[in-house]
Every structure is written in structure tokens, then in C-alpha cells.
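Written out below as C-alpha cells is the structure these notes cover.
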Amino acid sequence: MGGPVPDPFAMPDGSLEPPRPIVPTPAAMSGSLRGKRVLVGSPGHGWRGDLRSDEKVVQGSRTYVPVMQEGEWYRAESEQTEVFAPLIPVERVWVEEYGISGLTPTATDVTSKLVSLDEPSRRGPIKAIDSARLTGLRVVRMLDSGDEQRNLRAVTEIHTNNNGDICVRVAPELEWYRWAWSGRTPRTLEVPVHMLWLE
């Protein structure tokens, strides 16, 4: 009983590799777009995310991408219903692709955080433990095998479970959105915080 108290936030030996970063790619350069996560916007003005796309549509000489809010996409897929999807010119749509895994350098000053407004910026993963908040955010669970489990949302902040483990409860995204449209509480899984990253 007289030994040192272990640090509950210490990473276990052989910590897992981070997940792949998000690398926005112009929709015009992508193949099938059905169900893909996309960003829309205009260079120099800004970008909007949490959207899903359907296949490209050609009208006259222009190509458009049907884009809808992610919650509406999940509802349409789950309940097999039609939803309104505005047609966005293909040059204003970027697909969230996954880059190559590896540690993303942490920006230490303002200058290293600057990005170009010509395109959506790349997003490196952030350890969940380093985030100021988690509830509602997209998270990636890294499995012991090194595989990534995506399409998850954090439903709690960091807490201690009954066994004294430092955890976060997560839910599949479909259930996260179903919670909003049906009021049905989602199934959740308690995940050790060292296995979670923000997308």
C-alpha cells in the first residue's frame, strides 16, 4: 500500500499509432460520391462540413453534387425515405479522404497554424485526452490490431468508470443521429481514452 500511485492518464507501453488524417480532395477528382463525407464552400470564404453527398448529376454543361446534412443522410438510409439535397456545383465540393497514417506535427506557434484559403485544410488527428471537449464530436477508436473504427461520436466527456479506468462513451453515428430524430437513447461503448482520437 505504500508504493507510488500510478498515473491514470499515462499511456500504456506500446501506444497505438494515430489514425489517418483527413485530406480534402476535389469532388471532380473523385469516383463514386454516394454516402461520402464532404465539405462545401468557396476559396477565400470558408467551408462547411458534417455533410454527405450522393452521385454527381449533369445538367446541361454543368456537373453538380447533391449534398445533404449528415443527419438527414443517415435518416434517409435508415428509414429508406427521400430527402431534399441541394445541388452544389462540383467545383465547390471537396471529399474527405484519408491520408497516410503517421504522427502529425503539433503546431507550436500562430505562424505554423496558418493555412491557405484556396482549399479546405488538412486535419490531423488529435488525441482525445488533449481535447478541451469531446461530447458530440467525431472520434476514431484505434483497435489493438491497428485498425481504425470510424463513424463514431463521443456521447460523454472523459470520466472514470466503476473499475477506475479513464474512459469516454461513444456511439455509432447512425445511433447518434437517430437520438436526435427519434429520442431513442443510443447504444454506447465505453472506450479507454488512450484508444480515442478526434478526426
Side-chain angles (χ1 to χ4, degrees), residues 6-27 29-31 33 35-39 41 46-53 70 73-74 94-161 163-177 186-199:
D7 179 358
F9 292 101
M11 293 290 285
D13 290 340
S15 59
L16 301 170
E17 286 286 318
R20 294 168 292 164
I22 302 293
V23 180
T25 305
M29 296 172 55
S30 294
L33 294 179
K36 295 284 180 103
R37 269 203 172 101
V38 295
L39 301 162
W47 308 97
R48 179 158 189 243
D50 286 336
L51 302 168
R52 295 278 181 150
S53 62
E70 193 167 53
W73 181 81
Y74 273 111
W94 295 71
V95 180
E96 291 189 7
E97 301 283 0
Y98 300 122
I100 297 171
S101 183
L103 288 177
T104 305
T106 304
T108 56
D109 62 354
V110 172
T111 305
S112 60
K113 293 181 182 181
L114 295 176
V115 298
S116 167
L117 295 183
D118 292 337
E119 61 187 28
S121 60
R122 295 173 182 239
R123 267 198 340 259
I126 299 169
K127 292 178 184 177
I129 193 76
D130 294 336
S131 177
R133 70 177 190 86
L134 292 173
T135 303
L137 299 181
R138 290 166 39 183
V139 293
V140 181
R141 177 184 177 205
M142 293 304 294
L143 305 175
D144 289 330
S145 64
D147 291 334
E148 303 169 353
Q149 184 180 7
R150 293 193 182 249
N151 297 323
L152 300 171
R153 295 277 178 158
V155 296
T156 68
E157 296 299 323
I158 298 169
H159 62 277
T160 307
N161 68 10
N163 299 328
D165 300 323
I166 308 300
C167 298
V168 176
R169 282 204 162 278
V170 301
E173 256 187 350
L174 169 60
E175 296 202 19
W176 165 259
Y177 283 113
R187 268 181 316 118
T188 63
L189 175 66
E190 208 165 51
V191 178
V193 72
H194 74 271
M195 299 177 79
L196 285 179
W197 296 73
L198 297 182
E199 276 194 330

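Heads up: numbering here begins at 1 and tracks the sequence.
- Between V139 and L198 the shortest side-chain heavy-atom distance falls below 4.5 Å.
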Stepwise, does the side-chain contact (heavy atoms from CB on, under 4.5 Å) test hold for M195 with D144?
CA-CA 9 Å; M195 299 177 79; D144 289 330; 4.0 Å; yes

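- Between the side chain of E175 and the backbone N or O of R187, at least one donor-acceptor pair lies under 3.5 Å.
- Between the CG atom in L137 and the CH2 atom in W176 there is a gap of 8.5 Å [rounded to 0.5 Å].
- Looking only at side-chain heavy atoms (C-beta outward), L189 and V170 come within less than 4.5 Å of each other.
- Residues P19 and P125 share a closest heavy-atom pair of O-CG, 3.3 Å.
- A distance of 8.5 Å separates CE of M29 from CH2 of W94, quoted to the nearest 0.5 Å.
- Shortest non-hydrogen contact noted between Y177 and E70 is OH-OE1, 2.9 Å.
- With contacts defined as side-chain heavy-atom distances shorter than 4.5 Å, the pair T156/E190 does not qualify.
- One finds the CD1 atom of I129 at 4.0 Å from the CD1 atom of I158 (value rounded to the nearest 0.5 Å).
- Annotation: side chain of E199 is in contact with side chain of R37 (closest heavy-atom distance under 4.5 Å).
- Using a distance-only test at 3.5 Å, with no hydrogens or angles considered, no donor-acceptor pair links the side chain of S53 to the main chain of V38.
- In this structure, the side chain of E148 engages the main chain of R20 through a donor-acceptor pair within 3.5 Å.
- The shortest non-hydrogen separation linking L134 to E157 is N-OE1, 2.9 Å.
- A heavy-atom distance below 4.5 Å is not found between the side chains of E119 and P26.
- Closest approach of V155 and A171 over heavy atoms only: CG1-CB, 3.9 Å.
- Closest non-hydrogen pair, V95 versus A27, comes out as CG2-CA, 3.9 Å.
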Between Q149 and V191, is the side-chain contact (heavy atoms from CB on, under 4.5 Å) condition met? List the steps.
CA-CA 12 Å; Q149 184 180 7; V191 178; over 6 Å; no

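- Contact detail for L39 and P120: the closest heavy-atom pair is CD1-CB, 3.6 Å.
- The line from CD of E97 to CD1 of I22 is 9.5 Å long, rounded to the nearest 0.5 Å.
- Remark: the backbone N or O of D165 is not paired with any side-chain donor or acceptor of N163 at under 3.5 angstrom.
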Kindly indicate, with the supporting measurements, whether the criterion side-chain contact (heavy atoms from CB on, under 4.5 Å) is fulfilled by E96 and K36.
CA-CA 7 Å; E96 291 189 7; K36 295 284 180 103; over 6 Å; no

Does the pair Y98 and V23 meet the rule for a side-chain contact (heavy atoms from CB on, under 4.5 Å), with working shown?
CA-CA 6 Å; Y98 300 122; V23 180; over 6 Å; no

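- A salt bridge links R52 with E173: the closest approach of a Lys/Arg side-chain nitrogen to an acidic carboxylate oxygen falls below 4.0 angstrom.
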